Amino acid sequence: MIMAKKQYRRLERTIGYSVLEITTPTDDLYFWTDDTIQQNQTLQQAKEADVTYLPVKQGEQIIGLVKRVELTVGETIPLTADWLIAADTPILHLIELFAEKPDRIFLVLQSSKIIGLVAPADLNKVPARASIYLLTAQFEDALARMVRAELNENEAELEMLLSESRIQTLRAEHAQTQKGDLTLSLFYHLYLADLFTIVAKHQGLRERLGLRSRNHADSELDFADLRNRVSHLTGLLLSSRDDLRTINDVCNRIIQFSDMISRSGAE
């Protein structure tokens, strides 16, 4: 059987889930209305839930937003286009928007109807984590193929680039797979951190990714931790505005490096 060459898929922010998957529906929102009796209760509930913006409702129509400061609110913010986002917007695009305006929330539109709200805290939800994971996983696959091609799956070269203890661990894993009649080379047991180490130490690989030195590579490829964080649901992925900018920066770098791999033809 003739195997077709695997085509490289260019990484973009369209990968993953859409905003709809992390939207808080309107039925679960706190609304600001003209009902003065209800207002105090709404403010208390919003404070307890750490809600910053409240949609303003007039009748059944959302006409704007108010910003909560403790137990008071400011003037109504008109509902202009920059407070709205389409439900089918990719989450990775939403991350970019939040990184630019970290204090912003968006009302979510579907078929010209507001169906809910999305805020930075919603990026802790599983679909957002999965979108980031898919981006890093596909980049890891492309990087692994580039490393295998550059080194011709030569284990002697691998031994020069990784520590002796790491090679021993990989060989132990490799031996276990051989017992199951799997004949893949040692290169198929490399972790993302291994790939980063190999790229940092190998001049040819660094040059393919536009990395000037080993220190530069160590700095620019320092995002294995993010891939691990999105996989562990017991901890917050995002807890501050700085986290927004960091996550967005990693997404930008992954996409940039994937373009370089594609252009180099090394994958």
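Quick note: numbers below take in every heavy atom, side chains included, and nothing from hydrogens, waters or symmetry partners. Note that the coordinates shown come from a computational prediction; the quantities given were computed from them, not determined experimentally.
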Please answer whether the main-chain N or O of Glu70 pairs with a side-chain N or O of Arg68 as donor and acceptor at a distance below 3.5 Å.
-> yes

Student check: side-chain heavy atoms of Leu161 and Thr197 closer than 4.5 Å = no

Working to the nearest 0.5 Å, report the span between OG1 of Thr42 and NZ of Lys57.
-> 11.5 Å

Over all atoms of both residues, closest heavy-atom pair of Val66 and Gly74 | CG1-O, 3.9 Å

Atom CZ of Arg13 and atom CD1 of Ile255: how far apart are they, to the nearest 0.5 Å?
-> 5.0 Å

Output for pair (Leu238 CG, Asn124 CG), nearest 0.5 Å, gives 5.5 Å

Side chain to side chain contact (heavy atoms under 4.5 Å, CB included) between Val51 and Leu29, intermediate numbers included | CA-CA 10 Å; Val51 172; Leu29 297 178; over 6 Å; no

With distance as the sole test, does Asp194 use its side chain to make a donor-acceptor pair with the main-chain N or O of Tyr191 at under 3.5 Å?
-> yes

Would Val118 and Tyr53 show up in the same hydrophobic cluster when neighbours are defined by side-chain heavy atoms closer than 4.5 Å?
-> no

In sequence, state the C-alpha distance, the side-chain angles, and the governing distance for Asp141 and Arg145, and then conclude on salt bridge (charged side-chain N to carboxylate O under 4.0 Å, His left out).
-> CA-CA 6 Å; Asp141 176 60; Arg145 284 185 277 128; 3.0 Å; yes

Joint cluster assignment, Leu54 & Phe31, ILVMFWY side-chain distance < 4.5 Å = no

Treat each ILVMFWY residue as a node, draw an edge where side-chain heavy atoms are under 4.5 Å apart, and state whether Leu117 and Ile77 are in one component.
-> yes

Do the side chains of Leu43 and Tyr30 get nearer than 4.5 Å, heavy atoms only?
-> no

Between Asp259 (side chain) and Gln256 (backbone), is there a donor-acceptor pair under 3.5 Å?
-> no

Angle class for the Phe98/Phe106 ring planes (parallel below 30°, perpendicular above 60°, tilted otherwise)?
-> tilted

What pair of heavy atoms forms the shortest contact from Leu236 to Arg229, and how long is it?
-> O-NH2, 4.3 Å

Indicate the ring-plane relationship of His174 and His189, choosing parallel, tilted or perpendicular according to the 30° and 60° boundaries.
-> perpendicular

Answer yes when Glu155 and Arg171 have at least one side-chain N-carboxylate O distance shorter than 4.0 Å, and no when they do not.
-> yes

Do Leu20 and Val108 touch side chain to side chain, with heavy atoms closer than 4.5 Å?
-> no

Residue pair Val199, Leu143: steps toward the side chain to side chain contact (heavy atoms under 4.5 Å, CB included) verdict = CA-CA 9 Å; Val199 170; Leu143 189 64; 4.0 Å; yes

Nearest-0.5 Å distance, CD of residue Gln138 to CG of residue Leu134 | 6.5 Å

Between Thr80 and Asp82: side-chain donor-acceptor atoms closer than 3.5 Å | yes

Minimum heavy-atom distance between Val73 and Trp32, given as atom pair plus value | CG2-CZ2, 3.6 Å

May I ask whether Leu186 and Met160 are part of the same hydrophobic cluster, defined by side-chain heavy atoms of I, L, V, M, F, W, Y residues being less than 4.5 angstrom apart, directly or through others?
-> no

Can you see which heavy atom on Ala86 is nearest to which on Val19, and at what distance?
-> O-CB, 4.1 Å

Is the shortest heavy-atom distance from the side chain of Leu97 to the side chain of Arg104 under 4.5 Å?
-> no

Has Tyr17 got more than 12 heavy atoms of other residues, nucleotides or ligands less than 6.0 Å from its OH?
-> no

Donor-acceptor pair, Arg245 side chain versus Ala99 backbone, under 3.5 Å?
-> no

What's the shortest heavy-atom distance between Ala156 and Asn154, and which atoms?
-> N-OD1, 2.9 Å

For the side chain of Gln39 and the backbone of Thr33, is there at least one donor-acceptor N/O pair under 3.5 Å apart?
-> yes

Determine, stepwise, if the pair Phe196 / Asp222 fulfils side chain to side chain contact (heavy atoms under 4.5 Å, CB included).
-> CA-CA 8 Å; Phe196 288 163; Asp222 184 23; over 6 Å; no

With a cut-off of 6.0 Å (strictly less than), are more than 12 heavy atoms of other residues, nucleotides or ligands near CD of Glu100?
-> yes

Answer yes or no: is there a side-chain heavy-atom contact under 4.5 Å between Ile114 and Gln61?
-> no

Sub-4.5 Å side-chain heavy-atom contact between Ile132 and Val250 = no

Arg148 and Tyr188, any side-chain heavy atoms less than 4.5 Å apart | yes

For residues Glu220 and Leu209, determine if any side-chain heavy atom of one lies less than 4.5 Å from a side-chain heavy atom of the other.
-> no

Please confirm whether the backbone N or O of Arg212 pairs with a side-chain atom of His216, one donor and one acceptor, at under 3.5 Å?
-> yes

Step by step, would you call Leu123 with Leu244 a side chain to side chain contact (heavy atoms under 4.5 Å, CB included)?
-> CA-CA 9 Å; Leu123 295 177; Leu244 274 171; 3.5 Å; yes

N/O donor-acceptor pair under 3.5 Å between Ser262 side chain and Ser258 backbone | no

How many angstroms lie between atom CD1 of Ile22 and atom NZ of Lys125, to the nearest 0.5 angstrom?
-> 6.5 Å

Shared hydrophobic cluster, Leu94 / Ile105 (ILVMFWY, side-chain heavy atoms < 4.5 Å) = no

Check whether more than 12 heavy atoms from other residues, nucleotides or ligands sit under 6.0 Å from atom CD of Glu48, and answer yes or no.
-> yes

Note: Asp218 and Ala200 closest approach over all heavy atoms is OD1-CB, 3.4 Å

Separation between NZ (Lys113) and CD1 (Ile62), nearest 0.5 Å, reads 10.0 Å

